[in-house]
Amino acid sequence: MAGPSLRPHVHWAQRHRELYLRVELSDVQNPDISITDNVLRFKAQGHGAKGDNIYEFQIEFLEPVEPKPVCRVTQRQLNITVQKKESNWWERLTKQEKRPLFLAPDFDRWLDESDAEMELKEKEEEKINKMKIESRVPKDPFKHLKKGYLIMYNLVQFLGFSWIFVNMTVRLFILGKDSFYDTFHTIADMMYFCQTLALMEIMNSLIGLVRSPLIPAVVQVFGRNFILFVVLGSLEEMQSKPVVFFIFYFWSIIELFRYPYYMLSCIGIEWKPLTWLRYTTWIPLYPLGGLAEGVFVNFRHLYKQRKHHLGPKKRKMK
């Protein structure tokens, strides 16, 4: 059973607009803090100078204060911030002239009036300088238009690659391995659209519309477009190879997380699971996609060599 209530040690400091109270109690539970008729009343269970007990006190302030104190509890203490109704410097904290025994200055935060005025002046100067700097920066009249364009671009790409991923997944479940061989003829039109549109990523980086570095964007977009338009588009015999399925599938999975991440970033939203997926899924998928692309290019090279050495002219008798 808890003993009689006790007063904790309370340290105080002030600024022109605020009062700070530091209550020396650890492991505080159920703090009850209120201000009524300019009197702050405090009661809480905690561990103080007299051990674990119920501690309470009240302070009648020298001048009017706002009735809504802000309380922050830590493991070692409890901090209370009270707003003054008028910005001025008090000669003491309490209405009674004699300072209560439980109350003492908080020398960690203590400033005299001149120091407080200097601090206030520095803050005002900092605020004015910040406003001056912001006023010098020209406002972009096309800011919202650019943001809207980037949101729409990423949304369209997300929908396109979602269609590719869902279509390929459904066909895989229905047809099994047979879906590998006609992936190109089923998916190519949408992939052509998405990868052609991806050229805008190079332009966006080039004109500074996004902060993404230019070189990685060029390497990724032109690398994929080389595989899609040059290797696949020019060699019909390669369009029915199973490796096409894996290349398209890996590409679509990566973009399912990349484009929504960029789209949400445009409006200042960060969803942590999506951020983790955006910067993690590429670890296994990029090597697998690169391996599939490498097999593709090597196959094309070997096929050309085969035609060169075993073509009709080579079969003619001398």
Side-chain angles (χ1 to χ4, degrees), residues 149-205 210 212 216-264 273-274 277-304 306-307:
Y149 155 72
L150 289 174
I151 292 173
M152 287 304 301
Y153 169 79
N154 288 291
L155 177 60
V156 170
Q157 287 286 55
F158 170 68
L159 294 175
F161 280 103
S162 296
W163 184 92
I164 292 172
F165 175 78
V166 171
N167 190 293
M168 293 179 67
T169 302
V170 171
R171 287 173 51 80
L172 179 63
F173 275 102
I174 295 175
L175 302 176
K177 293 182 180 179
D178 291 340
S179 66
F180 292 172
Y181 304 103
D182 62 349
T183 296
F184 183 84
H185 299 93
T186 307
I187 305 297
D189 288 342
M190 182 60 74
M191 188 62 78
Y192 278 142
F193 170 78
C194 291
Q195 285 305 128
T196 302
L197 190 61
L199 293 170
M200 295 303 299
E201 295 183 25
I202 299 174
M203 183 61 66
N204 294 341
S205 180
V210 296
S212 302
V218 171
V219 171
Q220 176 171 313
V221 173
F222 278 100
R224 285 189 180 183
N225 285 354
F226 174 80
I227 295 293
L228 181 62
F229 290 97
V230 178
V231 178
L232 285 175
S234 61
L235 295 176
E236 293 184 5
E237 61 275 6
M238 299 190 67
Q239 296 173 0
S240 60
K241 302 300 178 183
V243 71
V244 177
F245 174 89
F246 296 101
I247 292 176
F248 283 9
Y249 209 59
F250 294 150
W251 286 358
S252 64
I253 294 175
I254 292 171
E255 307 306 13
L256 283 179
F257 305 118
R258 189 166 73 98
Y259 286 115
Y261 172 80
Y262 288 146
M263 184 172 61
L264 292 179
L274 182 61
L277 290 168
R278 158 70 181 96
Y279 289 105
T280 306
T281 52
W282 67 270
I283 296 175
L285 293 177
Y286 264 115
L288 291 172
L291 178 63
E293 292 167 11
V295 170
F296 224 24
V297 174
N298 190 49
F299 184 90
R300 177 175 178 267
H301 172 70
L302 293 174
Y303 188 81
K304 277 188 173 182
R306 180 181 184 278
K307 288 180 67 176

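Starting from 1, each residue takes its place in the sequence as its number. Keep in mind that this is a model prediction, so the values were computed, not measured.
- Side-chain atoms of T280 and F257, non-hydrogen and from C-beta on, never get closer than 4.5 Å to each other.
- Evaluation of the ring-ring contact (aromatic ring centres under 6.0 Å, His included) rule for Y192 yields F229 as partners, not counting sequence neighbours.
- Judged by distance alone, with hydrogens and angles left aside, the side-chain atoms of S212 form no donor-acceptor pair with the main-chain N or O of S205 at under 3.5 Å.
- Rounding to the nearest 0.5 Å places CG of L277 at 12.5 Å from CD1 of I254.
- Considering only heavy atoms from C-beta on, M152 stays 4.5 Å or farther from Y149 through its side chain.
- T186 meets the side-chain contact (heavy atoms from CB on, under 4.5 Å) test with N167, R171, D182; sequence neighbours excluded.
- Checked against side-chain contact (heavy atoms from CB on, under 4.5 Å), P242 has the following partners two or more places apart in sequence or in another chain: F180, Y181.
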Could you list the donor-acceptor pairs under 3.5 angstrom formed between side-chain atoms of residues 153-164 and any protein atom two or more places apart in sequence or on another chain?
from: Y153; atom 1: OH; to: Q157; atom 2: NE2; distance (Å): 3.3
from: Y153; atom 1: OH; to: E201; atom 2: OE2; distance (Å): 2.8
from: N154; atom 1: ND2; to: L150; atom 2: O; distance (Å): 2.7
from: Q157; atom 1: NE2; to: C194; atom 2: O; distance (Å): 3.1
from: Q157; atom 1: NE2; to: Y259; atom 2: OH; distance (Å): 3.3
from: S162; atom 1: OG; to: F158; atom 2: O; distance (Å): 2.6

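- Remark: F165 pairs with Y249 by the ring-ring contact (aromatic ring centres under 6.0 Å, His included) rule, at least two apart or across chains.
- Here the side chains of I247 and L232 are not in contact, with every heavy-atom distance at 4.5 Å or above.
- Rounded to the nearest 0.5 angstrom, F184 CZ and D189 CG are separated by 8.5 Å.
- One distance of note links CD of Q195 with CZ of F226; it measures 14.5 Å at 0.5 Å rounding.
- Separation of atoms CG (N204) and OH (Y262) is listed at 11.5 Å; rounding is to 0.5 Å.
- Atom OG1 of T183 sits about 13.0 Å away from atom NZ of K241, to the nearest 0.5 Å.
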Which side-chain N or O atoms in residues 172-179 pair as donor and acceptor under 3.5 Å with protein atoms at least two apart or in another chain?
from: S179; atom 1: OG; to: G176; atom 2: O; distance (Å): 2.8

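- Interatomic distance, CG of L256 versus CZ of R278, reported as 12.5 Å (0.5 Å rounding).
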